Q: 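Can you keep this structure in mind? I'll have questions shortly.
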Amino acid sequence: MSNRIWVATRKGLFAVERETESGRAPWRVARGFFLGDNVTFALVDGRDNAVYAALNHGHFGTKLHRSRDGGARWEECAVPVYPPQPEDHDPPPNPMGGKTSPWNLELLWTLAAGGADEPGVLWAGTLPGGLFRSEDHGSTWNLNRPLWDDPRRFQWFGGGYDYPGIHSICVDPRDARRVLLGVSCGGVWETCDAGASWALRADGMRAEYMPPERAYDPEIQDPHCIARCREHPDHLWVAHHNGVFRSTDGAASWRELKDVPPSAFGFAVAAHPSDPNTAWFVPAIKDEKRIPVDGQVVVTRTRDGGETFEVLTEGLPGPHAYDLTFRHALDVDETGDRLVFGSTTGSLWVSENQGDSWLCVTNHLPPIHATRFV
Amino acid sequence: MPLVRFTTNIQRHVPCPDRQVVGSTVRAALDAVFADNEKARGYVLDDAGGLRRHMTVFIDGRIVADRLGLSDSVAPGTRIDVMQALSGG
């Protein structure tokens with residue numbers, strides 16, 4: 001059971017902790033780090049308990065900081081650097097926006113720890129679409145060239161950003177050489193050989209934002225976020241730009257789940273760590289509005305593999321609540337009982353009963369990018 | 001020798017004291033600074049070695065012309081100011 005949560009926000013990184021003293025609110029914001037700085041992601045490496053904070057300074061670029069002692073001390077480590085662009089390199093422009101993706105780190109969008117048998121290995125997903133790997137806890141990084149040089153990458157385009165990016169990295173706990181990526185917009189990709197080769201794994205996904213004859217093209221899908229069941233890794237969930245999708249065969253195929261209330265649109269998804277049939281989503285009105293349906297913040301839960309969904313509202317605000325939850329801002333702890341999610345308006349809620357009811361920790365944080373249980 | 005001065009805002013992240021360095025271009029002068037302060041390089045320059053999108057350089061008050069190559073000439077008495085660009089807000 002986790003008693004600590006890292007919350008990455010537009011204006012700092014916060015440690016939220018559970019109080020054990022009776023008579024006090026059970027969860028509170030305990031400490032803030034990097035106050036005033038844009039913290040775009042936080043990774044808790046369960047292998048050694050190191051914490052990584054990705055910062056985007058705007059003027060000064062993207063940076064990465066690491067703490068090995070729970071936040072008492074931080075050290076700046078290296079960020080992924082794109083290699084020099086070959087002079088004869090003439091990639092086609094982005095098919096949607098007409099721009100050519102730069103060979104430059106624009107955003108460290110996500111980080112993931114390697115396998116249990118790979119101490120120090122980290123993966124980083126970036127805008128404009130480069131995947132990087134570190135084998136020394138983030139001290140050095142290398143661009144994965146097989147994916148970056150794959151001509152199918154030139155079909156990717158930005159979803160919400162000018163350039164495409166990798167936001168989900170799911171390492172298979174059975175075999176760390178198998179890694180699944182989510183790309184907006186570029187579908188789902190899998191390597192079975194630690195990044196030496198890549199295959200598209202978006203069969204069955206459907207894109208409403210494309211003309212009908214291209215709706216099922218795998219390389220243009222927009223999986224907003226991928227979540228994998230830890231104990232049943234072939235069971236995967238995706239909050240997609242226009243729907244909720246599930247795979248029970250390790251991403252070989254995807255099935256669109258119908259009649260998801262109150263909306264199938266959303267960014268965040270969390271998979272129960274041991275129950276392959278349980279997942280949570282934080283929905284909103286689809287892309288042109290991006291606000292909660294009827295101004296009511298809800299979490300949607302399925303316990304039967306997506307056949308039915310419950311709309312959970314106890315403890316959540318509405319009507320006239322306009323909180324949006326980004327893709328990394330929902331998390332579940334190792335037991336599957338505790339959940340946390342944060343919003344663009346700085347609200348943070350925790351559940352200790354799988355979402356049946358929610359406790360508001362605060363309404364006053366900066367816009368929340370990511371939440372992660374320790 | 002040219003004098004290189006950095007915006008105060010960068011000092012919170014990486015100390016960048018004023019430095020008098022040898023160099024006849026902005027690139028050479030900045031390289032001389034970063035040779036002793038490698039961490040600062042990534043705060044000012046992007047992956048390709050050009051000025052970050054929302055950074056700028058003034059040469060005796062004149063804005064740098066070559067943002068990618070930093071080939072603008074500088075003289076021994078030149079003041080090079082590394083600043084944030086207002087384009088970044």
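What you see is a predicted model; the values in this text were computed from it and never measured.
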Q: Does Gly42(B) offer a backbone N or O that forms a donor-acceptor pair with the side chain of Lys63(A) under 3.5 Å?
A: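 Side chain of Lys63(A) to backbone of Gly42(B), a donor-acceptor pair under 3.5 Å: yes, one is there.
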Q: Which bit of Pro83(A) comes within less than 4.5 Å of chain B, counting heavy atoms only: side chain, backbone, both or neither?
A: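 For Pro83(A), no heavy atom lies under 4.5 Å from chain B.
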Q: Looking at Arg12(B) and Leu35(A), what are the two nearest heavy atoms and their distance?
A: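 Scanning both residues, the minimum pair turns out to be NH1-O, 4.1 Å.
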Q: From Asp46(B) CG over to Thr62(A) OG1, what is the distance, rounded to the nearest 0.5 angstrom?
A: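 Reported value, rounded in 0.5 Å steps: 11.5 Å.
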Q: Could you walk me through whether Asn9(B) and Phe60(A) pass side-chain contact (heavy atoms from CB on, under 4.5 Å), step by step?
A: CA-CA 10 Å; Asn9(B) 293 312; Phe60(A) 305 126; 4.3 Å; yes
Q: Return yes when atom NZ of Lys289(A) has more than 12 non-hydrogen atoms of other residues, nucleotides or ligands closer than 6.0 Å, and no otherwise.
A: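 Result for NZ/Lys289(A): open.
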Q: Leu105(A), Leu55(A), Asp37(A): which one forms the most heavy-atom pairs within less than 4.5 Å of chain B?
A: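 Most heavy-atom pairs under 4.5 Å with chain B: Asp37(A).
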Q: Within the 4.5 Å heavy-atom criterion, are Glu76(A) and Val14(B) side-chain neighbours or not?
A: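 Side-chain contact under 4.5 Å: no.
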Q: Considering residues at least two apart in sequence or located in another chain, which fulfil the ring-ring contact (aromatic ring centres under 6.0 Å, His included) criterion with Phe41(A)?
A: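 Phe41(A): ring-ring contact (aromatic ring centres under 6.0 Å, His included) contacts with His328(A).
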Q: Got more than 12 heavy atoms from elsewhere within 6.0 Å of CD, Glu288(A)?
A: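 Above 12, so yes.
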Q: Please examine the side chains of Gln84(B) and His57(A), heavy atoms only from C-beta on, and report whether any two atoms are closer than 4.5 Å.
A: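 Contact flag for His57(A)/Gln84(B) side chains = no.
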Q: Would you call the rings of His59(A) and His54(B) parallel, tilted or perpendicular, taking 30° and 60° as the class edges?
A: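 Answer is perpendicular, since the angle exceeds 60°.
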Q: Identify which part of Leu45(B) has an atom lying under 4.5 Å from any heavy atom of chain A, answering side chain, backbone, both or neither.
A: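 For Leu45(B), there is no contact with chain A at all, as no heavy atom is under 4.5 Å.
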Q: CG of Asn104(A) to CZ of Arg52(B): how many Å apart, nearest 0.5 Å?
A: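 With rounding to 0.5 Å, CG (Asn104(A)) is 6.5 Å from CZ (Arg52(B)).
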Q: Heavy atoms only: give me the nearest Trp103(A)-Asp47(B) pair and the separation to one decimal.
A: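 Between these two residues, the closest heavy atoms are O-CB, 3.8 Å.
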